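See below for the structure under consideration.
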Amino acid sequence: MTKLMQWLAAVGLFMSIWLAIVLDMISLNIPDSKKEILHALPVYILIVFACYSLALIGYRVATFNDCVEESRELKEEIQEAKKELTEKGYKFD
Amino acid sequence: MATGTDQAVGWGLVSFAGFVFTYYTIWVILLPFVDEGQSIHKFFPPRFYAIAAPLIAGVIGLILIAVFVAVILSASQKKKKS
């Protein structure tokens, strides 16, 4: 089961339960004044997900880091590899 | 390191998302529990727009993405021919 199938299954399950309640197949005796919350629920969840994604992107942008140590290590390894290859007779341009 | 602009933009995005979340939650989830005629209702548009606006925005967004993809694809098609 891929991640996509999991998400589709979860969304399908939620939507079928939601539809069943909205279409009165399951009667929960919700007063009419509170039904408008129920009707807006899928759009509300979508908006909440959008807000979460936006906030996460913003947070990652604000706390973006340089990897100084890793960059130094990588440069060292490149030098090492170059040295070994020159010893074995490879010519760099 | 993230520069000053990066941080400003990043925290701006975070606070914008937080504001939208708070406003929309109060509008959609909490407002039905508040009596009609309370002054808090003045700060929110009619309830119809709570569902209509995101849907319309979503449809427009999808159309824009589709147009963008179509333009990109046709441009790359032309390049191949010439």
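Quick caveat, the model's predicted, so the values are computed rather than measured. As a basis for the values below, the full set of heavy atoms in this structure was taken, side chains included, without hydrogen atoms, waters or symmetry mates. Lettering follows sequence order; numbering is per chain, from 1.
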Quiz item: Contact part of A:Ile47 toward chain B, heavy-atom cut-off under 4.5 Å: side chain, backbone, both or neither?
Solution: side chain
Quiz prompt | Residue part contacting chain A, namely of B:Phe19, when any heavy atom lies under 4.5 Å | solution = neither
Quiz item: Would A:Glu80 and A:Lys83 pass as an ion pair if we require N to O under 4.0 Å?
Solution: no
Quiz prompt | When A:Asn65, A:Val61, A:Val68 are compared by non-hydrogen pairs under 4.5 Å with chain B, the top option | solution = A:Val61
Quiz item: Between B:Thr25 and chain A, which part of the residue has a heavy atom less than 4.5 Å away: side chain, backbone, both or neither?
Solution: both
Quiz prompt | Aromatic ring proximity B:Phe44/B:Tyr49, centre distance under 6.0 Å | solution = no
Practice problem: Describe, in one word, how the ring planes of B:Tyr24 and A:Tyr44 are oriented to each other, choosing from parallel (under 30°), tilted (30 to 60°) and perpendicular (over 60°). | Solution: parallel
Self-check item: Where A:Lys35 and A:Asp24 come nearest, the two heavy atoms and their spacing
Solution: NZ-OD1, 4.0 Å
Quiz item: Of all of B:Ile51, B:Val20, B:Ile29, B:Val28, which one pairs up most often with chain A through heavy atoms under 4.5 Å apart?
Solution: B:Ile29
Self-check item: A:Ser71 side chain reached by A:Lys75 side chain, heavy atoms, under 4.5 Å
Solution: yes
